[in-house]
Amino acid sequence: MQAFDIAGPLPTGTTLLEASAGTGKTWTIAALVTRYVAAGEACVDELLVVTFTRAASQELRDRVRGQLADAARVLTDPSAADPTNRLHGWLLDGDEAELRLRRERVTDALTSFDAATIATIHQFCQLVLRGLGVAGDTDPDAVLVEDLEQLTGEVVDDLYLARFAGTTTPPWDRATAMQIAREVVDDPGARIEPQAALDDQPDSVAAARVRFARDVLDEVETRKRRLGILSYNDLLSQLADALEDPAAPARHRMRHRWKIALIDEFQDTDPVQWQVFERAFAGVSTLVLIGDPKQAIYAFRGGDIASYLRAAELATHRQTLGTNFRSDAPLLSAVQSMLEGAELGSPEIVVHPVQARHTESRLVGAGAPLRMRVVRRHELGVGPRAKAPVDRWREHVVTDLARDIKKLLTSDATFDGKKVQPGQVAVLAARRATLQAVQKALQDLGVPAVVNAGGSVFHTPAATEWLTLLEALEQPHRSDRVRAAALTSFFPHDAVALDLDEGRRGGGLTDELAEEMRVLASVLNARGVAAVMECAVLGGLTARVLGVAGGERTLTDLRHIGELLHRVAISERLGVVGLVGWLREQVSDEKLEVASERTRRLDSDAEAVQLVTIHGSKGLEYPVVYLPTLWDRWTGRDPQVALFHDAEGHRCRDVGGPSPHQRAHLECYRKEDAGESLRLLYVALTRAQSQVVAWYAPSNNTPCSPLHRMLLGRTPGMASVPDEQPLVDDQRLTEIFGHWRDAGAFTPELANHAPISKAPLQPGEEALDVRDFTRDVDVEWRRTSYSSLSAVSAHHAAYADGSLSEVEPDDVPETGDAETLEVALVDDLPELLAVPSPMADLPVGATFGSLVHAVLEHADPAAEDWREELRGHVVEQLEWWAVPGLDVDALVEALVAVSTSPTGPLTGGRTLLEMKLPDRLREMEFELPSPVATSGATPSTTYDWATSPRCCADTCPRVTRSWATPTSSTPTRCWPDRRCAAT
């Protein structure tokens with residue numbers, strides 16, 4: 001595959017750029033945008049850049065803007081160019097006239113950068129659907145919701161009861177019904193299987209489950225429309241439907257608006273997303289797809305590697321990014337020796353070699369770049385044929401890992417010439433439970449560590465504590481609940497104090513606690529959950545929790561759950577009984593993927609070892625990475641609803657349970673899952689900049705693990721990787737690892753660290769001080785507009801007449817000057833007022849006004865056919881300003897009438913049609929200085945701008961006459977030698 005060169009020919013047609021870890025996908029996208037703009041291929045508002053997360057889109061926007069600014073700097077000052085930057089070389093490759101033209105284009109792009117479309121896939125869909133108006137099947141007033149969990153639960157309850165209300169033994173329980181519903185609702189594009197059961201065994205349980213899943217989808221869709229809500233999947237499906245017809249207006253509008261589309265992280269696409277881009281751009285516009293199939297690890301979120309592979313087959317050009325900017329050459333060489341040539345779940349997904357930008361290791365004094373810590377049965381303290389439980393292997397690995405990190409941080413190892421800090425070390429694991437165990441082990445050794453692994457906040461000890469407290473507030477007369485709540489973080493009591501309390505049913509302390517629960521219950525009813533949390537804080541909660549190891553994590557979760565409880569109590573008007581039921585349901589909910597508001601927050605941003613799941617680490621990098629779980633993969637339980645692809649490559653969900661079709665479907669699922677586990681191995685091994693430390697242990701979970709299959713199921717350079725590989729004895733393992741060592745892959749080590757000091761790490765000795773603020777802040781100057789000043793004036797007027805409604809600035813029309821201008825009456829004014837407006841029967845509103853404004857701004861009065869000129873611009877601007885139900889012919893006739901009407905005596909009776917484009921200043925920017933208002937100023941006060949002593953008229957030659965003050969409610973100030981305030 002040919003390597004992509006940013007200085008080579010620009011991509012055309014449908015181009016697939018296959019990246020590898022650390023090869024600079026984001027930089028390449030930003031550089032391509034810069035090249036397209038500088039070469040004049042497209043303006044910045046004609047480029048579409050799409051990625052898959054909000055954080056990624058914001059980073060991409062910053063990187064694109066930075067790349068354009070860097071290009072402008074280089075074109076202005078060629079001496080600032082980096083000789084190793086191929087983009088800089090291309091920018092300066094041209095004659096003086098060409099360089100001047102490129103500089104103008106890049107500068108214009110920076111000036112109009114806000115018009116660039118750099119968005120997530122769902123933001124992009126919203127933008128297009130909003131612009132389609134009636135051409136798209138969407139409700140403009142529908143509310144976008146992040147999670148359909150509550151609606152799905154209601155539908156499941158109704159359908160389940162309707163089917164099995166009179167049945168003593170339903171064929172499946174409610175939990176199974178909810179699991180089926182979740183899977184099909186979250187993945188509506190997948191086929192529901194087994195379809196064959198409907199014909200072969202229509203009375204079977206499998207067929208009934210298929211019908212139930214279909215009914216759930218139909219009912220959820222019906223209720224969404226009735227409630228006026230949309231999910232993120234709806235945005236995609238509605239846009240795909242709008243693009244289905246080859247002659248669809250949506251296709252024309254998208255191609256007309258965006259000449260070039262660049263799709264980032266394309267390996268995470270799904271069938272509907274690819275359908276949207278294929279229908280809109282493939283074959284007619286430039287479509288650049290950038291992704292790394294080796295990092296396709298999000299099948300459980302809807303990512304579909306099969307869609308990527310189908311798109312790759314349709315691409316007219318395929319190139320690869322061949323330089324790794326992340327990892328040092330010694331580490332990259334070791335990882336490539338281990339993985340190069342391996343197929344990661346498909347013959348089309350192969351690890352290709354790349355070159356390292358960093359030729360030397362930046363990490364000094366920490367050992368080999370890729371270390372493999374081997375745990376044998378001898379290190380575990382068991383016999384050579386013993387089968388130790390997997391928890392024992394895990395415990396040994398976690399202990400060894402914590403000691404190794406402590407040894408690294410207390411050594412003289414340096415990264416980039418500076419001592420290695422805790423924040424430069426990351427531990428990546430498959431499960432959050434492992435990370436929590438690692439955090440405790442590190443904290444026991446005095447090493448700070450922070451878990452940044454997401455997950456539901458309701459699956460934490462803090463959620464259990466809140467539930468215990470609410471149960472006590474619900475029934476404060478029950479001593480068992482009161483005493484249980486007393487042992488939570490909300491109260492300063494322990495088990496010893498409660499044990500000493502007198503009486504079987506509780507003595508004095510229990511009575512005091514019961515009374516305190518009654519008080520808190522009344523606070524909850526009167527002031528809400530937030531007040532209960534504040535009472536706990538006043539009672540010493542913060543100091544009590546932070547006084548124990550891991551207190552920052554616990555306090556963060558307690559506050560987070562308190563906020564969610566307070567929100568749901570207000571929105572759903574729940575009392576203590578309702579809150580208990582709601583929280584119980586959230587705690588028992590085993591759903592792994594949750595809405596962002598329920599995802600655990602980062603508890604501390606202090607300098608600490610970073611603990612991240614492998615899925616969460618994608619896109620991140622760390623100097624040193626520890627991998628304790630690559631040997632540990634349990635495959636003993638199949639999912640209730642298996643995800644797989646059929647022979648035609650369609651994404652499917654088997655909801656049928658035990659059936660004649662289940663075995664074949666599960667085999668497909670297991671094979672695809674085994675392939676994704678290999679891609680997880682690739683992601684984990686490629687996060688490090690300088691060193692990777694991994695563990696290997698021969699447990700019962702090891703045969704299906706990706707590390708074991710990669711090392712013992714193949715030899716260096718071999719392509720095929722088995723889905724399962726039997727274990728070998730310790731002697732054979734030593735021989736195999738020796739061969740890998742000789743091939744340059746890794747350095748084996750025995751995982752038998754001696755105990756290490758538990759003394760906390762010593763903080764830096766640098767003196768700390770508060771930074772001084774030395775700048776002067778000009779609080780007297782501001783830039784504003786007539787609209788904002790009028791909005792403020794209207795805001796005060798609304799309260800002046802006793803109104804309680806607040807006027808929002810965005811909703812206030814532009815009312816012009818506050819001063820009422822006197823208009824001299826003329827004899828024929830009554831007759832003029834009697835003439836109907838040519839736009840009287842046309843729509844109203846800001847969108848229609850913007851449409852008319854844009855048409856009159858761009859239409860050329862010198863055109864041979866004025867009506868056709870106006871019609872063409874109306875049709876063009878409707879793509880930007882969609883007005884549902886607009887009669888184009890009526891608007892054209894109205895604009896003809898407007899443009900042929902005299903404009904008054906100030907212009908000599910000329911019409912707009914007689915004012916040619918060279919005689920116009922369209923969208924002229926102007927700035928006028930506002931005077932210093934005194935306390936006695938009134939709206940009728942006038943100032944002579946040319947002679948006002950505190951005005952900058954001397955530096956503003958455009959100011960030549962007296963004007964009425966726009967408003968005096970919140971005047972702006974203008975001082976000599978300072979910029980004018982725009983009014």
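Just so you know, residue 1 is the first one in the sequence shown, and it goes up from there.
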Is [X] salt-bridged to [Y], going by a charged N under 4.0 Å from an acidic O?
| X | Y | answer |
| --- | --- | --- |
| R318 | E18 | yes |
| D5 | R86 | yes |
| D70 | R73 | yes |
| R253 | E879 | no |
| R257 | D45 | no |

Any cation-pi pair here, R310 with W274, using under 6.0 Å and within 45°?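 Because its charged atom misses either the 6.0 Å distance or the 45° angle limit, R310 does not stack over W274.
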[X] side, atom [atom1]; [Y] side, atom [atom2] - distance, nearest 0.5 Å:
| X | Y | atom1 | atom2 | result |
| --- | --- | --- | --- | --- |
| D270 | I305 | CG | CD1 | 12.5 Å |
| T120 | D264 | OG1 | CG | 12.0 Å |
| L48 | T286 | CG | OG1 | 12.0 Å |
| L309 | L314 | CG | CG | 11.5 Å |

Count the heavy atoms of every other residue, nucleotide or ligand shown that sit under 6.0 Å from CH2 of W881, and state whether that count exceeds 12.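 No, the 6.0 Å shell around CH2 holds no more than 12 heavy atoms from other groups.
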Around atom CD of E104, are there more than 12 heavy atoms from other residues, nucleotides or ligands closer than 6.0 Å?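 Yes.
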Residue of the set L289, I121, I290 for which side chain to side chain contact (heavy atoms under 4.5 Å, CB included) holds with I263: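 It is L289; the other options fail the test.
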Distance-only polar pair, side chains of Q126 and H122, donor-acceptor under 3.5 Å: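 No - no donor-acceptor pair under 3.5 Å links their side chains.
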Does any donor atom in the side chain of D234 or S231 lie under 3.5 Å from an acceptor atom in the other side chain?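 Distance-only check passes for D234 and S231.
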Test item: Q267 side-chain N/O and D292 main-chain N/O as donor-acceptor pair under 3.5 Å: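 Flag set: sc Q267 to bb D292 pair under 3.5 Å.
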Under the ring pair (Phe, Tyr, Trp, His ring centres under 6.0 Å) definition, can you give me all pairs with a residue in residues 280-299, not counting sequence neighbours?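 For residues 280-299, and leaving out neighbouring residues, the ring pair (Phe, Tyr, Trp, His ring centres under 6.0 Å) pairs sorted by first residue read Y298-H615.
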Residues E876, V855; criterion side-chain contact (heavy atoms from CB on, under 4.5 Å); working and verdict: CA-CA 9 Å; E876 177 184 356; V855 171; over 6 Å; no
